[in-house]
Peer 1: 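Dropping a structure here in structure tokens format, bear with me for questions.
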Amino acid sequence: MMSDLHSNWYPIASSSDLPKRHVYQAQLLGREFAVWRADDGHVNVWENRCLHRGVRLSIGINNGTELKCQYHGWRYANRTAGCTYIPAHPADAPARTICNNTYPAIESHGLVWSGEEASGDLLSLDGFDSATVLRAVPVFAPMNMVAEALLGYGWDDSCKGAANDDGSVTVTAGDGTAVRIFVQPMDSNHSVMRGLVNQAPAGAGRAELLQTHSWLMQELRDRVEVLAAKQEAPAPYEPVIAKVSEDLVDIPALGTDGRKAELRVQLVKKEMTAEGIVSLRLEPIKGQLPTFQPGAHIDVHLPNGLVRQYSITNGPGETDHYTIGVKREGDGRGGSAAVHDSLQEGDVLAISAPRNNFPLRRDAEHTVFIAGGIGVTPMIAMARALNAQGLSFEFHYFVQSDDHVAFKQQIGEFERALTIHKGLSPEATGAKLKEVLAEPGFARHVYICGPGPMLEATRGIAASQGWTDEAVHFEYFANTAEVDDSTAFEVDLARSALTLQVPAGKTILEVLREHGIDMPSSCEQGACGTCRCGVIEGEVIHQDVYLSNAEKAEGKSIMTCVSRAASDRLILDI
Amino acid sequence: MLKLYDYELSGNCYKLRLLLSFLGVEYKSELIDFYPGNQHKSPEFRQINPLGQLPVIDDNGLVLRDAQAILVYLASKYDPSCKWYPRDNPEMLGQISQWLAFADGITGTASAARLHDALFYNHIDVEAARAGAHRLFRVLDEHLFFAEEAGQDWICPGDHPTIADIACFPYIMLSEEGGIPRIDYPAIRRWSDRFKRIPGFTVMSGVFPAGPAAKDSSKAVA
């Protein structure tokens, strides 16, 4: 009998009980549900408790795509009920196993139907395709007692009640007006009457119909409650609520990922600054943020577990916030998509302290900035710093069109030095760069940041125009080269007095970490320069895009995240 | 400056904090240690309010007690828009007064049950208090259901909330602290979402904020 009830479909709400951004509290056979409609119209029927501390999700916040618990802000996604964000662990992606229980839901005839183990189609509701959903009336009485009383329900003398196979009751009047009333068993002694009328009048007719039945059902309720109070209340249902596994309740163990996310910031403003580029203003939870150098970047730990590097665009001395820009990468691995789609104003994020591997020389007589697309971000901070000091520079910003110009307000600060080059073909860009880089000279420096091909071309042009390696500074977004990790070799750590074996398939950085050596890192693909280490002896196969050709030839440094030994042994200064 | 004799956990004091916040009126809270200090029954406080009850205001020497009375006074005096208490509209005033009395009934039942469960008022017949609260909630839920049907968001007609909404809100929202679930009152729950979205809304311990409304319409159903 019990299992029969659990496999039935019952109406648990009216469609009109689920306006957007509301969370409805429902109950069926003793089990509570949090029921909510996402902005896409999908109706979610979930276990009414947060997996974290068991607080009811029905007091949570429906933000249109996610349901957020009031207690500690855990967020769960529409449809899957998977946890998307844990504010206390902004550096860690919630495990995929953190997923609330969901129950089947069908929205039909103006009602929302569910059942713990319901499957298959609803029973047909012939004759009620154009129906009015009556106001639901809860009753403190067992389902069967309510159903029995409903057989005597009626609004005139011609009314006759009949029980249906699904446990509902249909009351038909002489004129063909019919009301079908379903009894939703909330608990063993608590039910809800939900009625459909086979008519759909509008205006005053509708109001009158709803009021008549609201009144009549409440009268019936009062009679049934008197009866129910006379008998002993049945024992409440005891729904089994799946326990949360121990490893979800515990504080997560320290990760092996050595990337540090020591700062907590709040995303206070998120806005589009150009086509496909979102600007994020991050403010400290308390106090000030660490000072940064122009050109510095931070690691941002995203809710989906990815870690991404973004340059700070701030002007000098602005430490009450960091502003970063993030371009949506259509073919990316999900970092930029997470920023654009998941992050919301008010979210707490874990970030690293700023790190500067793209330092700006302040002793130049003249500085040339060449920015392509989103590569503009570190250069904005650099140019603002030079501008504040009144130092000589020019700023060339290559973009597809006017709509792609980001951070207009910030670059407006140095308008007199700014030239925006719009919609140039690669050939035209090359010609323009030749012009811009025509005059190398003593104490003149050039800084380049942009897409890989543009960067390569610019470095080539600079070299052919006579700029020395030392005067050309660049930052790649990513290392697109295939990294070869097939060799095995030994590393001696001079300061740590350790000899470690680096097998094929592992990086020097990973091996260092496994042995407890704390080596900072950030992008871990040979682009950012954070895991740079001095080389005392041995030959290096450089696989990064950070070091300049001169530095690579010199062989005094290695990027431990991608580069390897050409010799059998490397002695590192660590 | 307006002085409010205030206690954080009092729903009746919260009514006044809400209205003052909606109206943007500055005031000073004089904190009274209701529990465990029982300061509202002290001789000093009974000289301010012989009934020994919170809240009380002192507005430039005018001392007033009773949350509903103070709502009427503050809205009449400090709301130039006259929307919270439309004092030139007899039909509205009648309805508002009706619901202010109803709110007093909520205090006598739902708040009493909460005092029993949460603040150790052992002499209260908690079962009777809960049953009384359910009777009132059933009436209000039906009223709000048909108000929504008529396109009306608030307890009284019109497109703006009134002090009747403020008077009813706190002890409904705190009812679960007295063992009175609101699962049977969906129209009340939707109204409380709307109430929490009134600009200037503030929370108190046990009352949570609402999320932002949908951009198109808070009532839109897909």
Side-chain angles (χ1 to χ4, degrees), chain A residues 13-27 32-33 35 37-43 48 55-56 58-64 66-71 107 110 134-140 186-187 190-192 204 206-207 210-211 214-215 217-218 221-222 225 344-346, chain B residues 127-128 130-131 133-153 172-177 180-197 201 203-222:
Chain A
S14 302
S15 291
S16 59
D17 283 327
L18 307 179
K20 282 186 178 169
R21 308 299 176 100
H22 180 70
V23 189
Y24 179 83
Q25 184 185 10
Q27 196 181 20
E32 272 195 35
F33 298 129
V35 186
R37 187 190 299 280
D39 282 0
D40 67 5
H42 182 77
V43 173
N48 192 15
V55 166
R56 284 194 172 104
S58 56
I59 62 167
I61 289 176
N62 167 359
N63 70 16
E66 292 171 327
L67 188 57
K68 177 179 153 191
C69 179
Q70 288 281 11
Y71 202 19
E107 195 170 8
L134 297 177
R135 174 172 177 257
V137 175
V139 196
F140 281 103
M186 287 177 71
D187 209 329
H190 195 185
S191 311
V192 187
R206 173 181 164 86
L210 291 174
Q211 267 156 3
S214 183
W215 170 258
M217 278 203 248
Q218 289 181 126
R221 171 195 71 195
D222 292 350
E225 284 187 347
Q344 296 174 6
E345 287 183 2
Chain B
E127 287 307 328
R130 287 181 190 140
H134 280 297
R135 272 196 301 277
L136 295 175
F137 288 2
R138 279 177 168 180
V139 171
L140 181 59
D141 189 75
E142 188 182 26
H143 174 77
L144 287 169
F145 176 91
F146 286 104
E148 275 184 351
E149 270 293 318
Q152 178 188 316
D153 278 347
I172 290 176
M173 292 317 292
L174 296 168
S175 72
E176 291 192 340
E177 295 182 4
I180 304 159
R182 295 188 298 280
I183 193 168
D184 280 345
Y185 313 111
I188 289 181
R189 299 202 312 264
R190 290 192 295 276
W191 162 80
S192 61
D193 268 16
R194 295 193 290 271
F195 187 91
K196 290 171 176 184
R197 289 175 180 140
F201 174 75
V203 295
M204 68 167 274
S205 185
V207 177
F208 299 99
K215 290 240 166 59
D216 43 350
S217 157
S218 62
K219 284 188 284 183
V221 173

Peer 1: About how many Å separate CD of B/Glu176 and CD1 of A/Ile59, when rounded to the nearest 0.5 Å?
Peer 2: 8.0 Å
Peer 1: Please look at A/Ala26 and chain B and tell me whether the side chain, the backbone, both or neither of the residue comes under 4.5 angstrom of a heavy atom of that chain.
Peer 2: backbone
Peer 1: How about A/Ser214 and B/Phe145: do any of their side-chain heavy atoms sit closer than 4.5 Å?
Peer 2: no
Peer 1: Does the side chain of B/Pro186 come within less than 4.5 Å of A/Gln25's, by heavy atoms?
Peer 2: no
Peer 1: Would you mind telling me which of A/Gly60, A/Ala13, A/Pro138 has the largest number of heavy-atom pairs within less than 4.5 Å of chain B?
Peer 2: A/Pro138
Peer 1: Against chain B, label A/Gln211 side chain, backbone, both or neither, depending on which of its atoms sit under 4.5 Å from a heavy atom there.
Peer 2: both
Peer 1: What option among A/Glu32, A/His42, A/Arg221 has the most heavy-atom pairs under 4.5 Å with chain B?
Peer 2: A/Arg221
Peer 1: Below 4.5 Å from any heavy atom of chain A, which atoms of B/Pro181 appear? Answer side chain, backbone, both or neither.
Peer 2: neither
Peer 1: Could you tell me which of A/Lys68, A/Gln27, A/Gln218 has the largest number of non-hydrogen atom pairs under 4.5 Å with chain B?
Peer 2: A/Gln218
Peer 1: Heavy-atom distance under 4.5 Å to chain A: side chain of B/Glu142, backbone, both or neither?
Peer 2: both
Peer 1: For A/His190, is it the side chain, the backbone, both or neither that has a heavy atom under 4.5 Å from a heavy atom of chain B?
Peer 2: side chain
Peer 1: Measure A/Asn63 against the heavy atoms of chain B and call it side chain, backbone, both or neither at under 4.5 Å.
Peer 2: neither
Peer 1: How long is the straight-line distance from CD1 of B/Ile183 back to CZ of A/Phe33, given to the nearest 0.5 Å?
Peer 2: 10.0 Å
Peer 1: Got B/Arg190 and A/Asp17 here, is their nearest side-chain heavy-atom distance under 4.5 Å?
Peer 2: yes
Peer 1: Measure B/Phe146 against the heavy atoms of chain A and call it side chain, backbone, both or neither at under 4.5 Å.
Peer 2: side chain
Peer 1: Is there a side-chain contact between A/Arg206 and B/Glu149, using heavy atoms and a 4.5 Å cut-off?
Peer 2: yes
Peer 1: With a 4.5 angstrom heavy-atom cut-off, could you sort out which part of B/Asp184 is near chain A: side chain, backbone, both or neither?
Peer 2: both
Peer 1: Heavy-atom count check: over 12 atoms from other residues, nucleotides or ligands less than 6.0 Å from A/Tyr71 OH?
Peer 2: no
